[in-house]
Amino acid sequence: MQDDYRENFDAIERAWQERWRCTRAAAAPRIPGRRKFYCLEMLPYPSGRLHMGHVRNYSIGDAVARFYAMRGYDVLHPMGWDSFGMPAENAAIKHGTHPARWTNENIAAMASQLRRLGFAYDWEREIAAHRPAYYRWTQWFFLKMLERDLAYRSRRLVNWCSSCQTVLANEQVEGGRCWRCESEVGRRELDQWSLRITAYAEELLADLASLPGWPDKVLAMQRNWIGKSEGAMVRFPIVEAGGAPGGEALEVFTTRLDTIYGCTFCVVAPGHPILARVEAGGRHRARLDEFLGRMGNREVARPGAAPEEKEGVDTGIEVVNPYSGARVPVHVANFVVMGYGTGAVMAVPAHDQRDFEYATRYRLPIRTVVLDERGIPAASPPSAMVEDGRLTESGPYTGKGSEEARREMLRAGEKAGMARPLVQYRLLDWGISRQRYWGTPIPVVYCNACGVVPVPESDLPVLLPEDVALTGEGGSPLARLASFVETRCPRCAGPARRETDTMDTFVDSSWYFYRYCDPSNEKAPFDPEVVAAWFPIDLYIGGIEHATLHLIYSRFFAKVLRDLGLLRLDEPVRTLLCQGMVLKGGSAMSKSRGNTVDPDEMVRRFGADTTRLFTLFAAPPEKDLEWNEQGVEGCFRFLEKTWRLLAPRFTTLARAPFPAPGDGGDDPRRAALRRKIHQTIDKVTVDLEKRLHLNTPVSALMEMLNAMQDFVSEFREGDDPYLKEAARTLALLLQPLAPHMSEELWSRLGGEGSAGRQPWPEARPEWLREDEVEIVVQVNGRLRGHLRAAVSLTEDEAIRRAREDARVEAHLAGRTIRKTIYLPGRLLNIVAQ
RNA sequence: GCCGGGGUGGCGAAACUGGUAGACGCAAGGGACUUAAAAUCCCUUGACCCUCUGGGUCAUGUGGGUUCGACUCCCACCCCCGGCACCA
């Protein structure tokens with residue numbers, strides 16, 4: 001049965017996918033002068049199977065890409081693979097396969113799933129991070145950064161995930177846990193490579209203002225993450241054994257220099273170098289050691305740890321407040337972290353909540369130095385007075401406002417050499433060394449004679465060796481491979497050792513979208529001219545989880561590439577769309593929860609069009625989407641109804657002529673149908689182009705189909721051309737949302753070529769305009785009646801007509817009309833009292 | 001605590017620059033077709049009330065305000081979700 005969609009959808013979809021595969025154009029270059037649209041979805045990690053989150057992400061992107069193609073844009077819509085990373089290595093350890101094999105098989109499987117969903121990607125531009133032709137350039141960028149001192153090696157305290165056996169960047173620690181495996185993250189001191197993202201901190205922050213197309217949420221998260229604070233670095237000279245201040249000082253960072261006269265002690269983090277001064281065997285030493293011992297491993301900063309009760313001990317060290325001259329004790333306590341500022345703070349209990357709590361607990365003096373605007377000391381347990389105000393008991397600054405005092409105190413402090421202005425960021429440099437195998441090798445060697453030597457560009461790529469033993473025992477697998485490690489120094493030809501750490505995979509994904517523009521360039525990562533023609537990315541779609549990961553790294557890379565002369569813009573992404581999660585039973589789909597829905601099964605039961613349609617229809621893109629199988633059936637029914645209505649008429653409609661543009665106006669049914677067609681075109685176009693709403697276009701098409709059904713239910717001689725016009729329009733409007741149905745309808749209705757290559761239909765103003773409209777009649781703003789009239793109806797005439805309505809008149813009874821508000825063609829409001 | 005986003009029927013949602021609140025879909029109820037079921041088609045469906053082929057009142061988290069008119073703008077508050085967090 002040809003008119004049974006249920007029997008036919010699979011064959012229809014497969015046939016079109018086959019045709020798309022054969023007819024796909026060779027990687028199209030930009031045509032100068034034409035408008036371009038770069039539509040990009042975040043590239044997936046090749047885990048082996050698509051999940052519904054992918055399907056949703058790509059359905060949104062594909063709809064937009066197909067729409068812009070029909071609107072006459074040159075569209076770039078590529079796909080690739082973020083194919084380095086730990087899961088491949090873990091799978092290899094577990095199953096005894098090689099990560100490369102596992103990865104390549106997964107890519108093949110997922111690519112075929114993507115094809116079965118009918119996504120229109122330009123596969124000739126496909127890239128994969130693990131292919132040498134790609135990671136060669138990842139290494140090249142690293143060398144360029146090394147040249148510019150944007151990559152450096154240092155011994156630093158790093159986040160260590162013992163389960164993943166590797167270092168994590170700060171961005172990869174979430175609430176003290178590993179972003180991938182959720183195990184608790186420890187700290188280790190290691191030599192590792194970092195990228196100097198902090199060199200761009202100010203610009204990364206400032207340029208957020210130039211991204212109106214980004215969600216406020218992401219802008220806020222990045223602003224937060226960069227965490228700029230302006231303040232002062234102040235030197236507190238250390239009192240030496242003899243009792244006089246010596247040359248050495250404790251440096252503290254403060255944003256509240258105005259409160260410094262209220263500093264009654266200082267606090268350093270456990271692990272602060274000043275603690276070495278506490279004499280062995282002294283009474284302070286014993287208590288200090290007891291305290292540090294109790295802190296256990298946590299003698300160093302733990303980003304993301306939950307606040308706990310303030311606890312600390314007096315170190316016996318004293319420092320001098322350079323402003324007031326007061327001698328204050330130095331404590332070590334658990335609420336100061338080593339990873340921010342200098343790991344030391346001046347404590348002003350009257351005006352800082354943490355200091356207040358600590359001082360209260362240990363009965364340390366609390367000195368009020370800022371009064372509120374009424375001149376009242378406002379610190380009262382359990383809270384410190386943390387607002388700005390007017391200074392008191394602050395020597396020459398008494399009586400000044402906080403703001404002014406900060407300025408003047410800083411100026412004076414600078415002159416005296418005891419303070420200097422400092423802008424502090426929360427953002428830290430990006431540690432990229434990973435002690436794992438399946439990643440881009442870091443292209444440097446260590447020579448006994450020459451030290452750290454970059455691998456010459458001409459020797460790139462440093463190939464990742466294949467014959468490696470993956471045991472999962474820890475330590476970098478490459479380090480155990482002599483044939484890789486042992487090499488010659490490129491500078492002196494003497495014996496040297498290769499770096500055996502690999503790069504964080506976020507390095508790979510920080511520049512991939514440029515490579516799509518010029519995917520097979522062997523001389524450079526890309527031709528700047530070609531990239532300039534396609535950039536910026538017009539729409540970038542992905543999950544919010546990358547707000548302070550990929551999306552901040554990519555912005556950093558863009559700025560570096562710009563400074564290398566490869567890029568002509570400051571920001572790579574114009575509009576960012578963060579799609580919501582796909583939920584089932586109220587929570588995110590996950591294997592561990594057992595609430596996943598398999599895309600393949602959906603495609604088998606309902607087809608790609610239905611699966612895609614549902615992910616677009618069920619919720620606006622940025623909201624979470626609750627998977628609802630009955631909703632899926634609803635979308636299937638829509639396609640089924642479309643098919644049932646048109647399939648029996650394919651031959652007739654294919655042969656029928658189109659109505660002339662002005663025809664049908666004299667027949668209310670035909671006029672209504674044509675009006676609906678053009679209103680639908682208008683609605684779908686505006687929603688796709690201006691609002692990026694994808695649920696309402698689906699509704700609009702459902703409404704249009706309902707109108708077509710009504711039209712057919714009273715079908716008359718000579719109606720064919722009108723139905724044909726509606727059906728052909730429906731076929732085209734469906735292209736972004738349900739492309740297979742779109743193509744099938746188009747060809748069965750006698751359309752030439754592919755529906756996807758047709759120009760997008762245009763709403764004709766003469767059919768959008770309704771000659772006779774319904775005008776709402778209100779009395780005192782409340783709906784009391786309607787009248788059908790021409791748009792040109794005058795206000796007086798409208799009032800006269802409205803008052804013919806008994807209902808309106810009843811509400812006016814006994815009242816005087818004060819005024820009327822008339823919106824021609826819309827509404828009449830009679831205000832009466 | 002700070003920052004961001006939200007609170008609309010039984011549910012997912014819609015309402016463009018303030019102008020008919022609830023489009024579209026799901027679910028539910030009733031009916032037609034059928035021996036029956038499925039499928040399909042038609043009707044009803046925010047709540048309450050009345051003198052019930054009609055009409056009224058209330059209703060978009062709560063309380064105020066602006067306006068002829070407020071889901072939409074302003075003020076205050078409550079709740080939910082997300083992010084950050086001893087950041088000095």
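Keep in mind the model is a prediction, meaning the values are calculated, not measured.
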> Under 4.0 angstrom, heavy atoms only, what part of the nucleic acid is A/Asp216 near: base, sugar-phosphate, or nothing?
Replying inline: sugar-phosphate
>> Please determine whether a side-chain nitrogen or oxygen atom of A/Lys623 lies at a distance below 4.0 Å from atom OP1 or OP2 of B/A13.
In response: yes
> Does A/Arg691 make a side-chain N or O approach to OP1 or OP2 of B/A15 shorter than 4.0 Å?
Replying inline: yes
> Within this structure, what is the CZ-to-C1' distance between A/Arg826 and B/A15, rounded to whole angstrom?
Replying inline: 11 Å
> What nucleotide, of B/C84, B/C41, B/G69, holds the atom closest to the side chain of A/Asn829?
Replying inline: B/G69
> Which part of the nucleic acid does A/Gln630 contact within heavy-atom distance under 4.0 Å: base, sugar-phosphate only, or nothing?
Replying inline: sugar-phosphate
>> Rounded to whole Å, how long is the line connecting atom OH of A/Tyr340 with atom C1' of B/C84?
In response: 13 Å
>> Just to be sure I understand the rule, does A/Gly227 reach a base, reach only the sugar-phosphate, or reach nothing, if contact means heavy atoms closer than 4.0 Å?
In response: nothing
> Are any of A/Arg223's side-chain N or O atoms less than 4.0 Å away from OP1 or OP2 of B/G4?
Replying inline: no
> Is A/Arg156 paired with A/Asp429 through a side-chain N to carboxylate O contact shorter than 4.0 Å?
Replying inline: no
> Name the stems that RNA chain B belongs to, where each is three or more consecutive Watson-Crick or G-U pairs with both distances under 3.5 Å?
Replying inline: B:1-7 with B:78-84, B:10-12 with B:24-26, B:28-32 with B:40-44, B:46-50 with B:54-58, B:61-65 with B:73-77
>> Side chain of A/Met702, heavy atoms from C-beta onward: which of B/G25, B/C84, B/A88 has the nearest atom to it?
In response: B/G25
> Is there a side-chain contact between A/Leu646 and A/Met708 (heavy atoms, below 4.5 Å)?
Replying inline: yes
>> Is A/Thr342 close enough to B/A88 that one of its side-chain N or O atoms is under 4.0 Å from OP1 or OP2 there?
In response: no
> With sugar-phosphate meaning primed atoms plus P, OP1 and OP2, does A/Pro620 contact a base, only sugar-phosphate, or nothing at under 4.0 Å between heavy atoms?
Replying inline: sugar-phosphate
> Expressed in angstrom and rounded to an integer, what is the separation of A/His693 atom NE2 from B/G25 atom P?
Replying inline: 20 Å
> Out of B/C68, B/U20, B/C24, which nucleotide sits closest to the side chain of A/Ile821?
Replying inline: B/C68
> OP1 or OP2 of B/C11 less than 4.0 angstrom from a side-chain nitrogen or oxygen of A/Asn628, does that happen here?
Replying inline: no
>> I'd like to check A/Val252 versus A/Phe236 (side-chain heavy atoms, cut-off strictly below 4.5 Å). Are they in contact?
In response: yes
> With a non-hydrogen cut-off below 4.0 angstrom, is A/Phe617 in contact with a base, only sugar-phosphate, or nothing?
Replying inline: base
> Does any N or O in the side chain of A/His272 come within less than 3.5 Å of the main-chain N or O of A/Ala344, such that one atom is a donor and the other an acceptor?
Replying inline: no
>> At under 4.0 Å between heavy atoms, how does the protein contact nucleotides 45-57 of chain B? Give one character per nucleotide, 5' to 3', with B, S or -.
In response: ----------SSS
>> Whether the A/His331 and A/Tyr362 side chains hold a donor-acceptor pair (N or O, under 3.5 Å, no angle test) is what I'd like checked.
In response: no
>> Any base atoms under 4.0 Å from A/Gln778, or only sugar-phosphate, or nothing? Heavy atoms, all strands.
In response: base
> Atom NZ of A/Lys228 to atom P of B/A85: distance rounded to whole Å?
Replying inline: 20 Å
> Charged N to carboxylate O below 4.0 Å: is that the case for A/Lys683 and A/Glu703?
Replying inline: no
> How is A/Arg637 classified with respect to the nucleic acid when contacts are heavy atoms under 4.0 Å: base, sugar-phosphate, or nothing?
Replying inline: sugar-phosphate
> Does A/Arg426 make a side-chain N or O approach to OP1 or OP2 of B/A85 shorter than 4.0 Å?
Replying inline: yes
>> Tell me if B/C79 is syn or anti. Syn = glycosidic torsion within 90° of 0, anti otherwise.
In response: anti
> Base, sugar-phosphate, or nothing for A/Val831, non-hydrogen atoms under 4.0 angstrom?
Replying inline: sugar-phosphate
> Tell me, do A/Asn321 and A/Tyr261 make a side-chain contact under 4.5 Å, heavy atoms counted?
Replying inline: no
> Of all the nucleotides listed (B/A88, B/A27, B/C86), which has the minimum atom distance to the side chain of A/Thr254?
Replying inline: B/A88
> Over how many whole Å does the gap from A/Leu219 atom CG to B/C84 atom P extend?
Replying inline: 16 Å
> Between the side chain of A/Tyr358 and the main-chain N/O of A/Phe335, is any donor-acceptor distance below 3.5 Å?
Replying inline: no
> Taking OP1 and OP2 of B/G1, is either one under 4.0 Å from a side-chain nitrogen or oxygen of A/Arg354?
Replying inline: no
> Should B/G9 be called syn or anti, with syn set as within 90° of 0?
Replying inline: syn
> If you find the nucleotide of RNA chain B closest to A/Asn706 and the one closest to A/Lys683, which residue's nucleotide is nearer the 5' end?
Replying inline: A/Lys683
> Within less than 4.0 Å of OP1 or OP2 of B/G83, is there a side-chain N or O belonging to A/Lys217?
Replying inline: no
>> Regarding A/Asn695, tell me which of base, sugar-phosphate or nothing describes its non-hydrogen contacts under 4.0 Å with the strands shown.
In response: sugar-phosphate
>> Does A/Val686 reach a base, just sugar-phosphate, or nothing at all? Heavy atoms under 4.0 Å.
In response: nothing
>> For A/Phe614, run the ring pair (Phe, Tyr, Trp, His ring centres under 6.0 Å) check against A/Phe636, A/Phe638, A/Trp627 and tell me which one passes.
In response: A/Trp627
>> Taking A/Lys217 first and then A/Glu622, would you say they form a salt bridge - that is, a charged N and a carboxylate O separated by under 4.0 Å?
In response: no
> Counting any heavy atom closer than 4.0 Å, what does A/Glu774 reach on the DNA or RNA strands: base, sugar-phosphate only, or nothing?
Replying inline: base
>> Between C1' on B/C43 and CD on A/Gln709, what's the gap in Å once rounded to a whole number?
In response: 16 Å
